[in-house]
Asks: 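Please see the structure below; I have some questions.
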Amino acid sequence: MSAAKSAKPEIRVLGIETSCDDTGAAVVGDGTRILSNVLLSQSELHARYGGVFPEMASRSHVETIEPAIRRALEEAHLSVDELDAVAVTRGPGLAGSLVVGVNAAKGLALAAGLPILGIHHLEAHIYSLWLGRDEEETFPVLCLIVSGGHSDLYLMHGHGDYRRLGGTLDDAAGEAFDKVARLLGLPYPGGPAIEEAAKLGDPESIRFPRAWLEDTWDFSFSGLKTAVLREVRKYQPALAAGVNPPEPGLPIPNLAASFQAAVVDVLAQKAVRAAREFAAKEILVAGGVSANQELRTALQKLAPCPVRTPPLELCTDNAAMVAAAGYFRFQAGQRSALNMDVSPDLELVQN
Ligand code: KG4
Ligand code: ZN
């Protein structure tokens with residue numbers, strides 16, 4: 001490494017994220033300072049199908065990955081040789097989408113002689129909480145990760161040191177929002193659409209079931225989804241669920257508000273119970289559903305310790321969080337092999 005390189009004021013990591021339907025490339029300094037954060041969303045493309053269409057997602061990443069990386073470097077005013085490492089999401093996610101990002105990262109790392117770090121998507125979500133952070137962290141930290149694919153509780157004892165307490169047994173929280181939105185004839189992604197519709201509704205109008213799964217840190221949302229479906233069918237008995245547009249009589253705001261209240265109730269209460277049980281110093285909430293204001297409010301109200309949530313634009317998938325996670329692994333001396341494979345079902349474990 002050259003003298004100029006070792007004198008550099010900060011470690012710069014290029015992050016790449018293509019695990020689902022967003023192509024992301026970002027440069028982050030010292031794991032906390034966002035120098036650029038480019039996100040080319042495919043939401044509009046998939047909205048037509050009411051969910052992510054995997055084949056289309058990977059083909060779209062093929063088209064957008066190079067422009068995304070180029071823009072991330074341009075906006076950071078950096079060239080490739082001013083980077084210290086490339087971090088890329090290697091799983092979990094859609095295999096065909098992950099391959100595009102991982103191969104782009106490998107090509108870049110190989111051409112520029114940079115180390116590469118394969119990052120777990122959930123770890124990246126956790127590290128969205130380090131972006132813009134200027135205080136020292138105090139462990140243990142309770143992490144509630146709620147996204148389209150996960151509703152997990154982890155106890156984090158230090159950087160890269162995780163213990164999984166529990167998670168969803170069926171639908172993830174975000175998945176439940178997306179499926180219920182579809183039942184109500186609301187657009188994809190369902191979370192923001194339900195949150196918006198719920199603002200006009202009464203959360204106590206329909207008492208939907210809560211699956212507490214006592215004595216575990218697990219979640220289950222499929223019963224709730226079925227309960228919403230049963231309620232919707234009262235209004236459209238002759239029609240299949242998921243009709244778009246919905247029946248005119250369907251009380252969408254009340255259904256949305258009552259469903260949201262049931263999800264928030266379980267997530268917030270279980271996270272707070274876990275934080276108490278394990279004497280967590282902080283609760284970190286990350287993933288797409290952490291954008292939900294009702295969830296934030298409920299956690300703030302109940303928590304025995306500070307609750308940290310990412311700024312709204314960093315809740316959903318982005319590459320800055322991948323770069324941040326990569327920085328902490330880079331600093332710990334870790335490197336991935338250039339022949340690393342994608343891992344669609346990767347577990348987040350202590351290492
Ligand atoms: O983390 P993310 O961008 O992708 C995954 O890794 O899955 O999360 C996307 C999920 C979607 O299911 C979306 O409906 C949900 O996050 N979401 C929300 C909100 N914004 C996004 N759920 C509830 N309330 C929101 N405001
Ligand atoms: Zn995600």
Side-chain angles (χ1 to χ4, degrees), residues 15-24 26 37 39-43 46-47 50-52 54 57 88-94 97-98 101 119-129 143-152 154 167-168 171-184 186-199 201 203 219 221 224-225 256-257 259-268 284-299 309-322 324-325 344-346 348:
I16 296 176
E17 156 64 36
T18 62
S19 67
C20 191
D21 59 340
D22 294 313
T23 314
N37 192 13
L39 195 68
L40 305 178
S41 173
Q42 302 176 8
S43 283
H46 299 286
V52 177
V88 60
T89 308
R90 65 176 289 241
L94 300 171
S97 291
L98 291 164
I119 300 298
H120 192 288
H121 184 68
L122 295 190
E123 179 171 59
H125 272 299
I126 289 172
Y127 277 93
S128 66
L129 273 307
C143 304
L144 171 66
I145 310 173
V146 272
S147 68
H150 292 85
S151 319
D152 287 344
Y154 282 90
T168 186
D171 291 347
E175 190 181 358
F177 270 96
D178 294 337
K179 287 180 175 170
V180 165
R182 211 178 144 97
L183 291 177
L184 302 183
L186 296 173
Y188 171 85
I194 288 194
E195 180 165 19
E196 197 50 39
K199 286 180 186 159
F219 300 103
F221 295 110
L224 171 59
K225 181 191 62 194
F259 160 77
Q260 179 175 258
V263 176
V264 165
D265 220 7
V266 178
L267 289 177
L284 302 187
V285 197
V289 184
S290 68
N292 189 279
Q293 193 52 53
E294 292 301 314
L295 176 62
R296 291 173 174 224
T297 307
L299 283 163
T309 46
L312 287 185
E313 68 279 11
L314 297 176
C315 290
T316 43
D317 294 347
N318 64 86
M321 66 187 193
V322 180
D345 303 312
L346 193 64
L348 180 59

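Read the numbers this way: they start at 1 and go in the same order the structure lists the ligands and their atoms. Only heavy atoms go into these numbers, but all of them, side chains included; no hydrogens, no water, no symmetry mates.
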Asks: Nearest to atom 17 (N) of ligand 1, what protein heavy atom do you find, and at what distance?
Replies: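 That would be Gly288 O, 3.5 Å.
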Asks: What protein heavy atom sits nearest atom 24 (N) of ligand 1, and how far off is it?
Replies: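 Here the closest protein heavy atom is Asn292 ND2, 3.0 Å.
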Asks: With a 3.5 Å distance limit and no angle check, can you tell me whether Asp22 reaches the backbone of Gly24 through a side-chain donor-acceptor pair?
Replies: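 Answer holds: no.
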Asks: Restricting to side chain to side chain donor-acceptor pair (under 3.5 Å), what partner residues turn up for Asn292, sequence neighbours left out?
Replies: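 Scan of Asn292 (side chain to side chain donor-acceptor pair (under 3.5 Å), adjacent residues dropped) gives Gln260.
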Asks: Is any side-chain heavy atom of Met321 closer than 4.5 Å to one of Ile126?
Replies: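 Side chain of Ile126 against side chain of Met321, heavy atoms only: no contact under 4.5 Å found.
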Asks: To the nearest 0.1 Å, how far is atom 6 (O) of ligand 1 from its closest protein heavy atom, and which atom is that?
Replies: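 Looking at atom 6 (O) of ligand 1, the protein heavy atom closest to it is His121 NE2, 3.0 Å.
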Asks: Roughly how far, to the nearest 0.5 Å, is the CG atom of Leu144 from the CG atom of Leu284?
Replies: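 Result: 10.0 Å between the selected atoms.
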Asks: Among protein heavy atoms, which lies nearest atom 11 (C) of ligand 1, and at what distance?
Replies: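 For atom 11 (C) of ligand 1, the nearest protein heavy atom is Asp178 OD2, 3.5 Å.
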Asks: At their closest point, which heavy atom of Leu98 faces which heavy atom of Thr89, and how far apart are they?
Replies: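 Looking at all heavy atoms of both residues, the shortest contact is CD2-O, 3.7 Å.
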Asks: Give me the protein N, O or S atoms that fall under 2.8 Å of the Zn ion (ligand 2), sorted by chain and residue number.
Replies: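 Only His121 NE2, His125 NE2, Asp317 OD1 fall inside 2.8 Å of the Zn ion (ligand 2).
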Asks: What's the shortest distance from atom 26 (N) of ligand 1 to any protein heavy atom, and which residue and atom give it?
Replies: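 Protein heavy atom with the smallest distance to atom 26 (N) of ligand 1: Glu195 OE1, 2.7 Å.
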Asks: For atom 7 (O) of ligand 1, grab the closest protein heavy atom and report residue, atom and distance to one decimal in Å.
Replies: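 The answer is Gly148 N, 2.7 Å.
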Asks: Under 4.0 Å from ligand 1, counting heavy atoms only, is it the side chain of His125, its backbone, both or neither?
Replies: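 Side chain only; the backbone of His125 stays clear of ligand 1.
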Asks: What do you reckon, does Gly174 have a nitrogen or oxygen under 3.5 Å from a nitrogen or oxygen of ligand 1?
Replies: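 N/O-N/O distance below 3.5 Å exists for this pair.
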Asks: Under the side chain to side chain donor-acceptor pair (under 3.5 Å) test, which residues partner Ser97, sequence neighbours left out?
Replies: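 In terms of side chain to side chain donor-acceptor pair (under 3.5 Å), with neighbours along the sequence ignored, Ser97 is linked to no residue.
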Asks: Can you report which non-hydrogen protein atom sits closest to atom 18 (C) of ligand 1, along with the distance?
Replies: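 It is Gly191 CA, 3.4 Å.
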Asks: Not counting sequence neighbours, which residues clear salt bridge (charged side-chain N to carboxylate O under 4.0 Å, His left out) with Glu313? List them please.
Replies: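 Salt bridge (charged side-chain N to carboxylate O under 4.0 Å, His left out) check on Glu313 returns nothing, list empty.
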Asks: With atoms numbered from 1 as shown, which atoms in ligand 1 lie under 4.0 angstrom from a non-hydrogen atom of Thr316?
Replies: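 The list of qualifying atoms is 3 (O).
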Asks: Between Tyr127 and Ile119, is there a side-chain heavy-atom distance shorter than 4.5 Å?
Replies: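 Side-chain contact under 4.5 Å: no.
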Asks: If you have a sec, work out which protein heavy atom is nearest atom 3 (O) of ligand 1 and how many Å separate them, to one decimal?
Replies: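 Closest protein heavy atom to atom 3 (O) of ligand 1: Asp317 N, 3.0 Å.
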Asks: Under 4.0 Å between a side-chain nitrogen and a carboxylate oxygen: does that hold for Lys199 and Glu195?
Replies: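 Result for this pair is no, no salt bridge flagged.
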